[in-house]
Number of protein chains: 2
Amino acid sequence: MTGIRRLAQHLDISIGTVSRALNGRPDVNEETRKRVLEAAAELGYVPNQSGRSLRQGTTNIIGFMMQTGAEITGQGDTFFMSVFDGVQTVFARHRLDLVALLCSSQEDPDDYLRRVVARGFADGLILSATQRHDPRLEFLAKRKIPFATLGRSLTDVGQPWLDLDFEGMAQTAIDRLVAKGHRRIAVTRPHDDVNLGYIFVDQAASALAAHGLSLDPDLVFRSTPNEAGGYQIARELLSKKDRPTAILLVNESIAIGFYRGLSEAGLKPGRDIAVIGRHSPQTHFLSPSLTGFELSRRDLGIALAEALLATMPAFSHFYPNAELRKIWREELIEGESDAFLLPPA
Amino acid sequence: MTGIRRLAQHLDISIGTVSRALNGRPDVNEETRKRVLEAAAELGYVPNQSGRSLRQGTTNIIGFMMQTGAEITGQGDTFFMSVFDGVQTVFARHRLDLVALLCSSQEDPDDYLRRVVARGFADGLILSATQRHDPRLEFLAKRKIPFATLGRSLTDVGQPWLDLDFEGMAQTAIDRLVAKGHRRIAVTRPHDDVNLGYIFVDQAASALAAHGLSLDPDLVFRSTPNEAGGYQIARELLSKKDRPTAILLVNESIAIGFYRGLSEAGLKPGRDIAVIGRHSPQTHFLSPSLTGFELSRRDLGIALAEALLATMPAFSHFYPNAELRKIWREELIEGESDAFLLPPA
DNA sequence: CATAGTACCGTAAACGTTTACGGTTGTCGA
DNA sequence: TCGACAACCGTAAACGTTTACGGTACTATG
C-alpha cells in the first residue's frame with residue numbers, strides 16, 4: 001500500500017476524498033481536510049508527480065530556455081541568471097517547478113526546442129535570445145504551448161513579451177554623444193540575428209539622422225556578445241583609417257574586452273574615445289568607470305513570469321492585470337568612459 | 001485512440017510488441033522492429049514520459065544544481081555554465097534530459113534539495129558548491145539517489161566527485177611568489193563554507209611553512225566569489241598597516257573587482273603588488289594581464305557526467321572504467337600581474 | 001410529512017506506459 | 001510422430017493520481 005492509498009487507509013476514508021482535500025476542492029468538509037493535511041504532513045506524503053501528470057496531462061514544470069556554450073559564455077550567464085532569479089520567486093509561489101533548459105551552442109535551438117516539446121516536458125516556456133524572425137515562436141503557437149519571450153520579434157504570434165528599451169538607449173546615448181560634439185559614432189550589434197541588434201542599430205541611425213548625421217555602415221561592428229567579442233571590436237576599430245570618436249556597446253560583457261583592446265593600444269576610454277555601454281555586475285568594476293545603462297533584472301524576471309502565468313488558464317486569475325507586453329526603461333549610470341570632449345574641429 | 005495504442009492499431013500488432021520494439025528488447029523480430037520504428041517516425045509517435053515514469057519509477061531527468069542570486073552572480077555563472085555544456089553532451093548521448101536547478105540565494109540549498117528529492121524530480125543529480133561539511137550529501141545517500149559532486153567534501157558518503165587541484169595551485173603560486181622574493185603573501189577564500197576555501201588556505205599555509213614562512217591570519221581575506229568581493233578585498237588590503245606584497249585570489253571573478261580596487265588607489269598589479277589568480281573568459285581581458293590558472297571546464301563537465309552515469313545501474317555498463325574521483329590540474333598562464341619583483345630588503 | 005436541496009463522500013474509470021506470464025508456431029532430433 | 005526448445009507475440013495487470021458520477025444523510029421548506 002503506497003501513496004495516496006496508504007494515506008486514505010490510515011485515515012479510514014476514501015482516496016477520492018484525500019485527493020480532493022489535498023487539492024483544495026470545495027466539496028470536502030473542512031474538518032476532514034484538516035485531518036488529511038495533518039496526516040499527510042505526519043506521514044510525509046508527497047503526491048507522485050508522474051501519476052498526476054499522467055492523469056492531468058500537465059507536468060508542473062516551467063522551462064526557461066537559454067543558450068550556452070563557447071560563443072556565448074560571458075553573456076548568457078550573468079544576465080539570464082539574474083532574470084531567472086526573479087522568475088523563480090514567482091513560480092515558487094505556485095509550487096511550479098522551474099528549470100533552466102540550457103541549449104548548448106553545439107545544438108540548433110530550434111531542434112532543441114522541438115525535442116523539449118515533443119517530450120511534453122513543460123507546461124509553459126520562457127524563451128530568451130529572441131531572433132528577429134524566430135521560427136520557435138510559430139512552432140510553439142501552433143502547438144498551443146503557453147510561452148513568453150524575453151525580447152520582441154518580428155514573428156509575432158500574440159505571445160506575451162518583455163523587452164528592454166533599446167530604442168531609448170540608442171536615442172539617449174546618441175543625443176548625449178552628439179551634444180558632446182561627436183560626429184563619427186560607432187555602434188555594435190550581436191553576431192547573430194537576435195532582434196535587439198536590429199532595433200538598436202536602426203534607432204541609432206535615425207537618432208543620428210535627426211541631428212543631420214548618418215550612421216556609417218563601416219562603423220557597425222558585429223561580434224559575439226561576450227568579452228572576446230568586445231576585444232575583437234576594439235582591434236577592428238583601431239585598424240580603421242578614419243577612427244570614430246565614440247562608440248555605443250549594445251551588449252554588456254563586451255565592454256570588458258573592449259577596454260582591454262584599447263588599453264593594449266595605449267588608449268583609454270573617456271580620454272581617447274567616448275564609450276557608452278550597458279552595465280552588469282562586472283562592468284561596475286571597469287576602470288575608468290563605464291557610462292552605461294542599467295536596470296533591475298530581477299524585477300524583469302518577476303514581470304516575465306507573471307506575464308506568462310497570466311496567459312495560462314490555470315493561473316490567469318491570479319494575475320488579472322499583468323502587463324503582457326512591456327518595454328523596460330534602463331537608467332543611465334554616468335561614469336568616466338564618455339567624459340571625452342571632442343576638441344573643436 | 002492515442003499513443004502507443006494508436007501505433008499498435010495502425011500496425012495491427014499488440015501494444016506490448018510495439019513497446020518492446022521501441023525499447024530495444026531482444027524478443028522481437030527484427031523485421032517487426034523495423035516496421036514499428038518506421039511507423040513511429042511516420043506518425044511522429046513519442047512515448048509519453050508520464051506513462052513511462054509512472055510505470056518505471058524513473059523520470060529520465062538529471063538535475064544539475066547550482067546556486068544563483070545577488071551574492072553569487074558573477075561566479076555561479078560562467079564557470080558552471082561551461083561545465084554544464086560538457087555535462088550536456090554526455091547526457092544527450094543517452095537521451096537523458098538534463099536541466100539546471102538553480103537555487104536562488106533567497107532559499108536554503110538544503111531545503112531546495114529536499115523539495116527536489118521529495119518531488120522525485122530526477123533520477124540523478126549533480127551538486128556544485130560543495131561545502132566542507134555538506135548535509136546534502138548525507139541526505140542524498142540516505143535516499144539512495146545517485147549523484148556526483150563538483151568539489152570534495154569532508155562529508156564523504158562514497159559518491160563520485162571531481163575537483164580542481166587547489167593544493168597544486170596554492171603550492172605552485174606560493175613557490176613562485178617566494179622565489180620572487182615575497183615574504184608577506186595574502187590569500188583569499190570564499191565567504192561561506194565551500195570546501196575549496198579550506199583546502200586552498202591550508203595548502204598555502206603549509207607551502208609557506210616549507211619556506212620557513214607563515215601565513216598571517218590577518219592576511220586571509222574572505223569575500224563573496226564575485227567582482228564585488230574582489231573590490232572589497234582590495235579596499236581591506238589597502239587599509240592594512242603592513243601591506244602584503246603579493247596576493248593569491250582563489251576565485252576567478254574577484255580578480256576583476258580587485259583590479260578595480262587597486263586602480264582607484266593608483267596601484268597597478270605587477271608593479272605595486274603581485275597578483276596570481278584564476279582565469280575565466282573574462283579575466284583574459286584584464287590589463288595588466290593576469291597570471292592565473294586555467295583548465296577546460298567543458299572537459300571537466302564531460303568527466304563529471306560520466307562519473308555519475310558510472311554509478312547508475314542502468315548506465316554503468318557504458319562507462320566500465322570511468323574515473324570516479326579525480327583532481328584536475330590547472331595550467332598556469334603567465335601574465336604581467338605578478339611581474340613585480342620585490343626590491344631587496 | 002414529503003420533497004427538494006445541500007454538503008459531503010465513495011466508487012471506479014481513465015491517463016499511457018512497461019513487463020511478467022503464458023500462448024502459439026515452427027524447427028529439429030530422437 | 002512426439003517432445004523439447006526457441007522465437008516471437010498477445011494479454012492483462014500495475015504504476016499513482018484525478019474526477020465524473022452517483023449515493024447517503026441531513027436540513028430546510030412547503
Side-chain angles (χ1 to χ4, degrees), chain A residues 1-37 39-40 43-61 95-97 117-123 313-314, chain B residues 1-37 39-40 43-61 95-97 117-123 313-314:
Chain A
M1 191 71 60
T2 64
I4 203 175
R5 233 167 286 269
R6 191 161 104 80
L7 195 53
Q9 174 169 307
H10 181 252
L11 287 164
D12 199 32
I13 59 181
S14 80
I15 61 169
T17 304
V18 173
S19 174
R20 279 188 294 262
L22 291 172
N23 290 11
R25 285 284 142 77
D27 54 348
V28 42
N29 191 315
E30 278 309 322
E31 172 62 26
T32 347
R33 189 195 307 279
K34 203 167 128 255
R35 284 179 54 220
V36 171
L37 257 15
L43 301 194
Y45 168 76
V46 177
N48 178 303
Q49 183 58 41
S50 305
R52 312 192 69 195
S53 294
L54 183 55
R55 173 63 219 239
Q56 306 199 108
T58 89
T59 64
N60 208 47
I61 296 177
R95 308 192 160 282
L96 281 165
D97 298 305
V117 169
R119 173 84 161 53
F121 194 88
D123 295 342
Chain B
M1 191 71 59
T2 64
I4 203 174
R5 233 167 286 268
R6 191 161 104 80
L7 195 53
Q9 173 171 304
H10 181 253
L11 287 164
D12 199 33
I13 58 182
S14 80
I15 61 170
T17 303
V18 174
S19 174
R20 280 188 294 262
L22 257 24
N23 290 13
R25 285 283 142 77
D27 54 346
V28 41
N29 192 315
E30 278 309 323
E31 171 62 28
T32 333
R33 189 193 309 278
K34 201 163 129 263
R35 283 181 55 221
V36 172
L37 258 14
L43 302 194
Y45 168 75
V46 177
N48 178 302
Q49 183 59 38
S50 304
R52 312 192 69 195
S53 293
L54 184 56
R55 173 64 217 232
Q56 305 199 108
T58 83
T59 64
N60 208 46
I61 297 177
R95 308 190 160 284
L96 281 165
D97 299 306
V117 169
R119 175 85 162 54
F121 194 89
D123 294 343

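Numbers restart at 1 for each chain; the letters A, B, ... are given by sequence-line order, proteins then strands.
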Is there a side-chain polar atom (N or O) of [X] under 4.0 Å from OP1 or OP2 of [N]?
| X | N | result |
| --- | --- | --- |
| B/N29 | D/dA7 | no |
| B/T17 | D/dG10 | yes |
| B/T32 | D/dC9 | yes |
| A/N48 | D/dC15 | no |

Picking from [options], which would you name as closest to the side chain of [X]?
| X | options | answer |
| --- | --- | --- |
| B/S14 | D/dT11, C/dT18, C/dC8 | D/dT11 |
| A/R52 | D/dT18, C/dC15, D/dC9 | D/dT18 |
| B/V28 | C/dG10, D/dT18, D/dC9 | D/dC9 |

5'-most contact on DNA chain C: A/G16 or A/R5, nearest heavy atom basis?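 Of the two residues, A/G16 wins.
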In this structure, how many angstroms lie between the [atom2] atom of [N] and the [atom1] atom of [X], rounded?
| X | N | atom1 | atom2 | value |
| --- | --- | --- | --- | --- |
| B/I4 | D/dA12 | CD1 | P | 17 Å |
| A/R25 | C/dC9 | CZ | C1' | 15 Å |
| B/R35 | D/dC8 | CZ | P | 14 Å |
| B/R20 | D/dC8 | CZ | C1' | 8 Å |
| A/Q56 | D/dG16 | CD | P | 17 Å |
| B/L22 | C/dT18 | CG | C1' | 12 Å |
| A/L7 | D/dT18 | CG | C1' | 15 Å |
| B/E30 | D/dC9 | CD | P | 10 Å |

Once you apply a heavy-atom cut-off of 4.0 Å, does [X] come out as touching a base, just sugar-phosphate, or nothing?
| X | result |
| --- | --- |
| A/T2 | sugar-phosphate |
| A/S50 | nothing |
| A/I15 | base |

Hey, is the side chain of A/R6 pairing donor to acceptor with the base of D/dG16 inside 3.5 Å?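 No pair found.
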Does the D/dG16 base have a donor-acceptor partner in the side chain of B/R55 within less than 3.5 Å?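 It does not, because no donor-acceptor pair links the side chain of B/R55 to the base of D/dG16 below 3.5 Å.
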Look only at the side chain of A/R35 and the backbone of A/L11, and say whether a donor-acceptor pair between them is shorter than 3.5 Å.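 Pair found, side chain donor or acceptor close to backbone of A/L11.
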Exam field: side chain B/N23 to backbone B/R25, donor-acceptor pair closer than 3.5 Å: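 Checked: no pair found.
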Where do A/Q49 and B/T59 land on the side chain to side chain contact (heavy atoms under 4.5 Å, CB included) test, with the steps shown first? CA-CA 10 Å; A/Q49 183 58 41; B/T59 64; over 6 Å; no
Is it true that, when you exclude A/R33 itself, more than 12 heavy atoms of the residues, nucleotides or ligands shown sit nearer than 6.0 Å to its CZ?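 Correct, the count exceeds 12.
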Upstream residue (5' side of DNA chain D) when B/G51 and B/I13 are each assigned their closest nucleotide: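 The residue mapped nearer the 5' terminus is B/I13.
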Note, B/L37 side chain near B/L22 side chain (heavy atom, < 4.5 Å):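 With C-beta onward as the side chain, the pair touches.
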At their closest point, which heavy atom of A/R52 faces which heavy atom of A/P47, and how far apart are they?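 Minimum heavy-atom contact is CD-CB, 4.0 Å.
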